[in-house]
Amino acid sequence: MSDPRRFHLQRTTDITGVSGTGRVADGVLWPDNTVSIRWRGERPSTVSWGSLADAEAVHGHGGHTRIVWDDPAPATAGECPHCPDGHTPADQGSQPWGVYVGPERDGDGQPIRLYVERVDGAHVAESDAQWIQARLDGADRQ
């Protein structure tokens with residue numbers, strides 16, 4: 001990586017009762033793979049981490065807070081015949097799929113959306129949506 005890459009922390013459930021929910025912090029992944037996070041709210045603070053994995057281990061709260069990339073992934077030419085940034089087929093790769101309940105609620109306060117995405121900020125393509133839809137439709141049931 002040669003340029004800093006911005007992200008934010010999106011929290012669905014505030015298990016500590018301190019930061020709230022929604023966009024709770026802004027961050028930067030630096031070219032040396034260290035991370036800076038600036039917390040929003042009444043008492044903003046900044047913290048530095050040696051890696052994104054370290055920051056996520058402390059602030060991820062078991063999946064209640066996720067990293068959302070604000071800048072696109074850097075291009076890695078030549079790793080994928082279809083994408084300049086190395087797209088991997090939906091059923092392969094080192095970045096598994098994750099699912100979380102979205103913050104949207106109906107009139108009774110019940111959640112109405114599930115979000116399915118690759119972890120660690122991997123991008124997705126239309127072929128991924130088709131792969132997921134086929135599984136939801138039962139295409140993998142034999």
Side-chain angles (χ1 to χ4, degrees), residues 1-140:
M1 182 173 90
S2 60
D3 292 322
R5 187 174 177 206
R6 298 172 305 139
F7 64 90
H8 66 271
L9 299 181
Q10 187 75 24
R11 184 163 287 161
T12 56
T13 304
D14 184 7
I15 63 172
T16 64
V18 176
S19 301
T21 58
R23 187 173 181 154
V24 295
D26 301 291
V28 177
L29 175 63
W30 298 103
D32 64 357
N33 287 319
T34 60
V35 172
S36 299
I37 296 176
R38 177 74 177 167
W39 292 94
R40 296 175 168 217
E42 293 180 28
R43 294 184 181 93
S45 62
T46 304
V47 63
S48 296
W49 292 96
S51 71
L52 189 61
D54 290 344
E56 190 172 21
V58 172
H59 299 298
H61 296 294
H64 293 290
T65 302
R66 64 186 177 90
I67 296 167
V68 177
W69 293 104
D70 299 323
D71 292 328
T76 52
E79 292 182 11
C80 175
H82 308 290
C83 303
D85 56 353
H87 187 74
T88 303
D91 61 346
Q92 298 176 12
S94 61
Q95 296 181 331
W97 290 93
V99 62
Y100 70 94
V101 175
E104 300 88 350
R105 299 291 187 254
D106 65 13
D108 295 325
Q110 299 300 311
I112 60 170
R113 287 204 174 83
L114 292 175
Y115 288 88
V116 179
E117 61 186 27
R118 289 275 195 168
V119 299
D120 297 330
H123 76 280
V124 296
E126 185 62 32
S127 60
D128 293 322
Q130 293 166 355
W131 182 82
I132 290 168
Q133 186 63 56
R135 264 106 209 113
L136 292 173
D137 291 342
D140 61 343

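Atom CD of Gln10 and atom OH of Tyr115 lie 9.0 Å apart (nearest 0.5 Å). Within the model, atoms CG of Asp137 and CD of Gln130 stand 11.5 Å from one another, a figure rounded to the nearest 0.5 Å. Between the CG atom of Asp54 and the OG1 atom of Thr34 there is a distance of 11.0 Å, given to the nearest 0.5 Å.
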Next item on the list: Mind running side chain to side chain contact (heavy atoms under 4.5 Å, CB included) on Val35 and Val28 for me, showing each step along the way?
Entry: CA-CA 6 Å; Val35 172; Val28 177; over 6 Å; no

Next item on the list: Take Arg38 and Thr46 through the test side chain to side chain contact (heavy atoms under 4.5 Å, CB included) and record every step on the way to the result.
Entry: CA-CA 4 Å; Arg38 177 74 177 167; Thr46 304; 2.8 Å; yes

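Looking at Trp39 and Pro44, their side chains never come closer than 4.5 Å, going by heavy atoms from C-beta outward. Counting heavy atoms from C-beta on, the side chains of Leu114 and Val101 come closer than 4.5 Å. Under the 4.5 Å side-chain criterion, counting only non-hydrogen atoms from C-beta, Ile67 is in contact with Leu9.
By the salt bridge (Lys or Arg N to Asp or Glu O under 4.0 Å) test, Arg105 is found to be paired with no residue, residues two or more places apart in sequence or in another chain being considered. Residues that satisfy the side chain to side chain contact (heavy atoms under 4.5 Å, CB included) test with Ser48, not counting sequence neighbours, are Ser36. Not a single side chain to side chain donor-acceptor pair (under 3.5 Å) links Gln110 to another residue, sequence neighbours left out.
Considering all non-hydrogen atoms of both residues, Phe7 and Leu29 come closest at CE2-N, 3.8 Å. For the pair Asp71 and Pro4, the tightest heavy-atom approach, listed with the atom from each and the gap, is OD2-O, 4.3 Å.
Under the side-chain contact (heavy atoms from CB on, under 4.5 Å) test applied with Trp69, the options Arg6, Arg5, His8 reduce to a single match, Arg5.
At most 12 heavy atoms of other shown residues, nucleotides or ligands fall within 6.0 angstrom of atom CD in Glu42.
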